[in-house]
Protein chains: 4
Amino acid sequence: MTTKVDVNCDLGESYGHFKVGCDAEIMPHITSANIACGFHAGDPAVMAKTVWLAKKNGVAVGAHPGFPDLAGFGRRFMELSKEEVTNIVLYQIGALGIFARGAGVGVQHVKPHGALYNAAAETEPYARGMIDAVLASNSRAVLFALAGSRLARMAEKEGLRVAHEVFIDRAYRPDGSLVSRAVPGSLIGDARLAVRRAVRIVKEKKVTAIDGRDVELGEVHTICVHGDAPNAVALAGSLKKALLAARVEVLPAGLLV
Amino acid sequence: MTTKVDVNCDLGESYGHFKVGCDAEIMPHITSANIACGFHAGDPAVMAKTVWLAKKNGVAVGAHPGFPDLAGFGRRFMELSKEEVTNIVLYQIGALGIFARGAGVGVQHVKPHGALYNAAAETEPYARGMIDAVLASNSRAVLFALAGSRLARMAEKEGLRVAHEVFIDRAYRPDGSLVSRAVPGSLIGDARLAVRRAVRIVKEKKVTAIDGRDVELGEVHTICVHGDAPNAVALAGSLKKALLAARVEVLPAGLLV
Amino acid sequence: MTTKVDVNCDLGESYGHFKVGCDAEIMPHITSANIACGFHAGDPAVMAKTVWLAKKNGVAVGAHPGFPDLAGFGRRFMELSKEEVTNIVLYQIGALGIFARGAGVGVQHVKPHGALYNAAAETEPYARGMIDAVLASNSRAVLFALAGSRLARMAEKEGLRVAHEVFIDRAYRPDGSLVSRAVPGSLIGDARLAVRRAVRIVKEKKVTAIDGRDVELGEVHTICVHGDAPNAVALAGSLKKALLAARVEVLPAGLLV
Amino acid sequence: MTTKVDVNCDLGESYGHFKVGCDAEIMPHITSANIACGFHAGDPAVMAKTVWLAKKNGVAVGAHPGFPDLAGFGRRFMELSKEEVTNIVLYQIGALGIFARGAGVGVQHVKPHGALYNAAAETEPYARGMIDAVLASNSRAVLFALAGSRLARMAEKEGLRVAHEVFIDRAYRPDGSLVSRAVPGSLIGDARLAVRRAVRIVKEKKVTAIDGRDVELGEVHTICVHGDAPNAVALAGSLKKALLAARVEVLPAGLLV
């Protein structure tokens, strides 16, 4: 049996004079780009440029909406109502969508960013707000959600296409949730280890949790690589090679779910 | 001969806790709503609400992009490149567009706001940037431009649909340009006078300039009423009545150009 | 025995074109003005103007720092570290301070706004962050804190001057905390009732909680009136009259603690 | 005769997650730090940190206020009134001042940033607005102004302390103004050439203009090195060495004017 998986990365996170990431170097190694939409990072010029870069590399384009918190890079939790979540997410999808259509591509997927991702994974109004936004925007767009999360289940029940996502450079708790970035050991800096974990996740649907136990991850459709890690390009490159070597087909999530 | 004209108004200019305008009261009296897109005013919740309000009133929806200057309400000139203009306008059209599509309507038109409107009317990179944005977004959207402006001519040459716009509560210079808001006498506070001017503009294509001379305005497709004037609702109401009484058909610009 | 109390109000909450409140009408009826500092509301021009207005009315000037969330008017909780709280509060005190000094007055007090006020009242990093900011800014400034709150106790232990604050238009829980604005009955719209409660609070240090029981409030130094209530001016006026009639001296918090 | 000069650099231009510059490496080579104040760059945490870094290095602290345009890094001209300029500059000086006082240092100087610097150098309302802000903030603060500019003359006439500033990595026009960054050849990338120019400017008050002619620069009190140039640290280091070798004393502007 051929196994298939998508590899995604957060990109387009520069803002005006402020340059972040190495988008051009990462692109050849991924299949889905989560493009920041101007709230936590990204600006209209960066969005335009990143969409074209993705297209040139045959990478599928997704909206990467975040909290309206540029100062905190969308990593600080904000207390929003369900309606507020829906409206800010719709706004950001719409903004990215026009650049995507301008480049002749569509918005394949929507992946919430940072603290919004975490809040939506398990908390009712954020999960519901995200789902309503994707439903309102275009029910064919794939929602990227933490594998095994409440959001993933809720979205599937609503008939959304959902890509279950795993993180190869983050430690897992035994219940399948991510260890907070604030905890020592939460980031897996060793690229070879991260790649080995990734291959195992895809082939066996299992990952070793921070306490050494095995976690069953269920379905896995997309692997996140972080573009802002120091070794991001090398990691992304070796991940793709390792996946191909393990006879895993790497292709955009829109073709998988 | 039946004459036809559109009546437009800037709406959706509240922002979070900050309430502006009397959108619900104005809507019954206009045919096109220029909805702020979050840069100079407006926020995602306001945009969503205003689009639905327009739909309910049978009013056509347009994007009203402005400079990224909430503190200045988009009324302060900013030095932007042509590409910056195109990208910020596209972004704003995209953001509004998703709410419009969500409500089952389209983006009928694009009207730049405030200092961007003025800059685009006569200055090359702003005019060109606006045109490129409308072309990239959807070439069927109507661009609202000051009647007789360079922007109107340039956009028509590019094959855009253009609505020539007049202002009934603003004084004109003998060359057909608007007298700056900073000049005493630039605002016509007398609603009855404003309405009489409007009817004459539509029927005779002429307006009396600030020096008393008549200005030929050429084509006129849409009349702007300002939603933030103290007597805005009364003015809009009496304008529509006067136009109908003068056998002018009042309908959305998208049906006129 | 003459009882003394301060009456404070949040002012200077306009932002550019967006006008909020009726500052000039409220000023004659209060003794301390909490002036927004540009993060949740307020802008440099509004701050300059409001400081002068306070001075002209003999009202003491205070900084009213909030979360960096103009879109949410500082009413949405944000997850910040203690250091982030200290730095954003210091920044805002500094910004207001220069306008205060320019008008020949000082910053009498610091009162956090909205969700920051609530978070600081009971939650460690927010309380500690607030205290560190006031200590770093000028240890003579009075910190306004919810009467009986953990913040009040912590700040007093650090040697800060603290004004215990009560709200006359908000319902109390039996434990002395405020009923959330989201709960029906949390806002006391009847001005006469609110004023009666205020006089009792000052004279007897007691208020009737939402369940009908009496709450002992301990020390009370300052009463908050809300400038954005529909009857704010009338309420503030009748409050001052009622306090004077009850032989309560009304004067700035800086003279009380 | 011993000649004296100050060396200044724009620092603290990071913003949240967005990192800019190499402040710690530059500090040992300069005598005055122009610290961004949160409008075009910088945030409260960055300001706090940069003030302490300056203090540790014995570098004098200055406010570096810019246009409220984070997206444009303060490099896009904005049309502001004199009062708006005064108020936004005062606000930024106040915000920086509280961190400076917290570190036990004062605000030695004020240097406008980017497009505000250029507008203030020659244009009435911007120059006047800057001067009013410095007067209102603390008349002992030194205003950094382009050597020979109208701003420098106007400020001296008002009794302000003014440091005439030169740029060693920017080309000059024969009239003593700077060649725009947009013009090829406007940036002098060769560090050795830049340093030679600097020594000549200080010793002879002359610089070679872009057309090869010599420009008399009059008084020169401070030399700007750009922290964001690729070779900024090396340039700053060799500049200081070359100045000392040429028997030029390098010390903060506050001791020179």
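Everything numeric in this text was worked out from a predicted model, so none of it was measured. Chain A is the first sequence line, chain B the second, and so forth, proteins listed ahead of strands; every chain is numbered from 1.
- Taking non-hydrogen atoms and a 4.5 Å limit, the residue list of residues 172-189 of chain A in contact with chain C is empty.
- When the heavy atoms of residues 68-78 of chain C are compared with those of chain A, the residues falling under 4.5 Å are C/P68, C/D69, C/R76, C/F77, C/M78, listed by number.
- For C/E83, the side chain to side chain contact (heavy atoms under 4.5 Å, CB included) test picks out C/S81, with sequence neighbours left out.
- For C/K49, the NZ atom sits in a loose shell: 12 or fewer heavy atoms of surrounding residues, nucleotides or ligands are nearer than 6.0 Å.
- Residues of residues 163-170 of chain C never come within less than 4.5 angstrom of chain A, heavy atom to heavy atom.
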